[in-house]
A.B. asks: 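Before we start, here is the structure in question, set down as structure tokens.
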Amino acid sequence: IMLHSTLALSLLLIAVTSNLAMAIKKEKRAPQTLSRGWGDDITWVQTYEEGLYQAKKSNKPLMVIHHLEDCQYCQALKKAFAENEEIQEMAQNNFIMLNLMHETTDKNLSPDGQYVPRIMFVDPSLTVRADITGRYSNRLYTYEPQDMAFLIENMKKALRLIQTEL
């Protein structure tokens with residue numbers, strides 16, 4: 001009987017701890033709704049204003065991703081972005097990150113129109129980097145899933161320009 005109750009208690013403990021572990025894991029991931037699938041390990045700011053403030057304060061560039069939930073190009077870009085380790089690592093460590101599903105009031109963030117997906121960089125000096133563009137002349141700030149190496153180059157460029165200009 002002793003063995004039986006010990007076993008039952010052990011099983012109960014295992015059940016409780018695994019539920020607790022799941023609750024803790026859920027708890028930890030809850031704030032990450034801001035990632036919207038772009039990378040759960042990245043710390044995302046909630047608003048453009050917060051992004052500007054954090055960029056200035058931390059002296060890191062702000063990366064703004066405009067996208068929409070029902071846009072197939074956005075979904076494809078998001079998947080490539082989230083699966084690219086180098087991008088995720090740089091986004092976590094070197095950038096203030098924001099993804100938006102609505103337009104900002106800052107017209108500088110739509111120099112060639114309000115389309116999605118579009119990725120723009122803002123310097124810690126709060127200058128929108130209209131000079132850091134993608135490879136398409138009709139939509140300067142759009143990237144496609146096969147453009148991740150190009151996006152990495154542009155992320156590095158955004159970091160380099162800070163060092164040289166500030």
A.B. asks: Do His67 and Arg118 have side-chain heavy atoms sitting under 4.5 Å apart?
C.D. replies: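 No, every pair of side-chain atoms sits at 4.5 Å or beyond.
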A.B. asks: Could you tell me which non-hydrogen atom of Asn154 sits nearest to which non-hydrogen atom of Tyr143, and how far apart they are?
C.D. replies: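 Taking every non-hydrogen atom into account, ND2-OH, 2.7 Å.
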A.B. asks: Working to the nearest 0.5 angstrom, can you tell me the gap between Asn108 CG and Thr105 OG1?
C.D. replies: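 If I round to the nearest 0.5 Å, the distance is 10.0 Å.
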A.B. asks: Donor-acceptor check, side chain of Lys78 to backbone of Arg36, threshold 3.5 angstrom: yes or no?
C.D. replies: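 Checking the backbone N and O of Arg36 against the side chain of Lys78, a donor-acceptor pair under 3.5 Å is found.
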A.B. asks: If you look at every heavy atom in Ile96 and Gly51, which pair is closest and at what distance?
C.D. replies: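 In terms of heavy atoms, the two residues are closest at CG2-O, 3.9 Å.
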A.B. asks: May I ask you to test the Ile162-Phe121 pair for a side-chain heavy-atom distance under 4.5 Å?
C.D. replies: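 Counting from C-beta outward, Ile162 and Phe121 never come under 4.5 Å.
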A.B. asks: Apply side-chain contact (heavy atoms from CB on, under 4.5 Å) to the pair Arg129 and Lys157, showing each step before the final yes or no.
C.D. replies: CA-CA 10 Å; Arg129 304 292 332 202; Lys157 188 174 176 184; over 6 Å; no
A.B. asks: Are Leu68 and Ile119 connected in the hydrophobic side-chain network, where two residues link if heavy atoms are under 4.5 Å apart?
C.D. replies: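 Not linked; separate clusters.
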A.B. asks: Can we say Glu153 and Arg160 salt-bridge, meaning some charged N sits less than 4.0 Å from an Asp/Glu carboxylate O?
C.D. replies: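 Salt bridge flag = no for Arg160 with Glu153.
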A.B. asks: Linking I/L/V/M/F/W/Y whenever any side-chain heavy atoms sit under 4.5 Å apart, do Leu161 and Phe150 land together?
C.D. replies: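 Yes, because Leu161 and Phe150 connect within a single hydrophobic cluster, where side-chain heavy atoms sit under 4.5 Å apart.
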A.B. asks: Given the rule that I, L, V, M, F, W and Y join up when any side-chain heavy atoms are under 4.5 Å apart, are Leu100 and Val116 in one cluster?
C.D. replies: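 Hydrophobic grouping puts Leu100 apart from Val116.
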A.B. asks: Would you name the heavy atoms of Ser35 and Asn99 that are closest together and state the gap between them?
C.D. replies: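 Distance-wise, the nearest heavy atoms are O-ND2, 3.3 Å.
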A.B. asks: Measure the spacing between NE2 of His66 and NE2 of His102 and express it to the nearest 0.5 Å.
C.D. replies: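 Reported value, rounded in 0.5 Å steps: 8.0 Å.
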A.B. asks: Between Arg139 and Glu144, does at least one N-O distance fall below 4.0 Å, as a salt bridge requires?
C.D. replies: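 Between Glu144 and Arg139 there is no salt bridge, as every charged N stays at least 4.0 Å from the carboxylate O atoms.
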A.B. asks: Any donor-acceptor pair under 3.5 Å linking the side chain of Asp112 with the backbone of Leu140?
C.D. replies: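 Yes; at least one donor-acceptor contact below 3.5 Å.
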A.B. asks: Is there a path of hydrophobic side-chain contacts, each under 4.5 Å between heavy atoms of I, L, V, M, F, W or Y residues, that connects Val64 with Val128?
C.D. replies: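 Yes.
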A.B. asks: For the CD atom on Gln146, are there more than 12 heavy atoms of other groups (residues, nucleotides or ligands in this structure) within a distance under 6.0 Å?
C.D. replies: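 More than 12 within 6.0 Å, yes.
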A.B. asks: Between CE of Met101 and SG of Cys74, what distance do you get to the nearest 0.5 Å?
C.D. replies: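 Result: 10.0 Å between the selected atoms.
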A.B. asks: Quick one: does any side-chain atom of Arg135 pair with a main-chain N or O of Asp147 as donor and acceptor, under 3.5 Å?
C.D. replies: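 Side chain of Arg135 to backbone of Asp147, a donor-acceptor pair under 3.5 Å: no, none is there.
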A.B. asks: Quick one: closest heavy-atom pair of Ala82 and Gly37, and the distance?
C.D. replies: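 Where Ala82 meets Gly37 most closely, the heavy atoms are CB-O, 3.5 Å.
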A.B. asks: Kindly indicate whether the side chain of Met148, heavy atoms from C-beta on, has any atom under 4.5 Å from the side chain of Leu77.
C.D. replies: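 Heavy-atom side-chain distance check passes, below 4.5 Å.
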A.B. asks: Can you name the closest pair of heavy atoms from Leu98 and Leu62 and give their distance?
C.D. replies: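 Here Leu98 and Leu62 meet closest at CB-CD1, 4.1 Å.
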A.B. asks: Nearest 0.5 angstrom please: Met90 CE to Glu86 CD, how far?
C.D. replies: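 Between atom CE of Met90 and atom CD of Glu86 there are 5.0 Å.
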A.B. asks: Checking the side chain of Trp44 only, and the main-chain atoms of Gly39 only, is there a donor and an acceptor separated by less than 3.5 Å?
C.D. replies: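 Yes, Trp44 side chain to Gly39 backbone: donor-acceptor pair under 3.5 Å.
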A.B. asks: Please report the interatomic distance OG1(Thr104) to CG(Leu52), rounded to the nearest 0.5 Å.
C.D. replies: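 Here the rounded value is 9.0 Å.
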A.B. asks: Should Glu50 and Lys57 count as an ion pair when the cut-off is N to O under 4.0 Å?
C.D. replies: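 Not counted as a salt bridge, because no side-chain N and carboxylate O are separated by less than 4.0 Å.
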A.B. asks: Are the side chain of Tyr115 and the backbone N or O of Tyr141 linked by a donor-acceptor pair below 3.5 Å?
C.D. replies: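 Flag set: sc Tyr115 to bb Tyr141 pair under 3.5 Å.
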A.B. asks: What are the two closest heavy atoms between Phe95 and Met97, and how far apart are they?
C.D. replies: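 Phe95 and Met97 have their closest heavy atoms at CB-SD, 3.7 Å.
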A.B. asks: Taking the side chain as every heavy atom from C-beta outward, state whether Ile152 and Asn84 have any atom pair closer than 4.5 Å.
C.D. replies: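 Yes - at least one pair of side-chain heavy atoms lies under 4.5 Å apart.
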A.B. asks: Is Pro61 close to Leu159 at the side-chain level, that is, under 4.5 Å between some pair of heavy atoms?
C.D. replies: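 Touching, per the 4.5 Å side-chain cut-off.
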A.B. asks: Supply the atom-to-atom distance Gln88 CD to Ile42 CD1, rounded to the nearest 0.5 angstrom.
C.D. replies: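 Gln88 atom CD to Ile42 atom CD1 measures 4.0 Å (nearest 0.5 Å).
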A.B. asks: Under the 3.5 angstrom rule, does the side chain of Lys60 hit a backbone N or O of Gln54 as a donor-acceptor pair?
C.D. replies: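 Checked: no pair found.
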A.B. asks: Kindly assign one of parallel, tilted or perpendicular to the pair Trp38 and Phe81, based on the angle between their ring planes and the thresholds 30° and 60°.
C.D. replies: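 Ring orientation of Trp38 relative to Phe81: perpendicular.
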A.B. asks: Assigning hydrophobic clusters by single linkage (Ile, Leu, Val, Met, Phe, Trp, Tyr; side-chain heavy-atom cutoff under 4.5 Å), is Met63 placed with Leu109?
C.D. replies: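 Each belongs to a different hydrophobic cluster.
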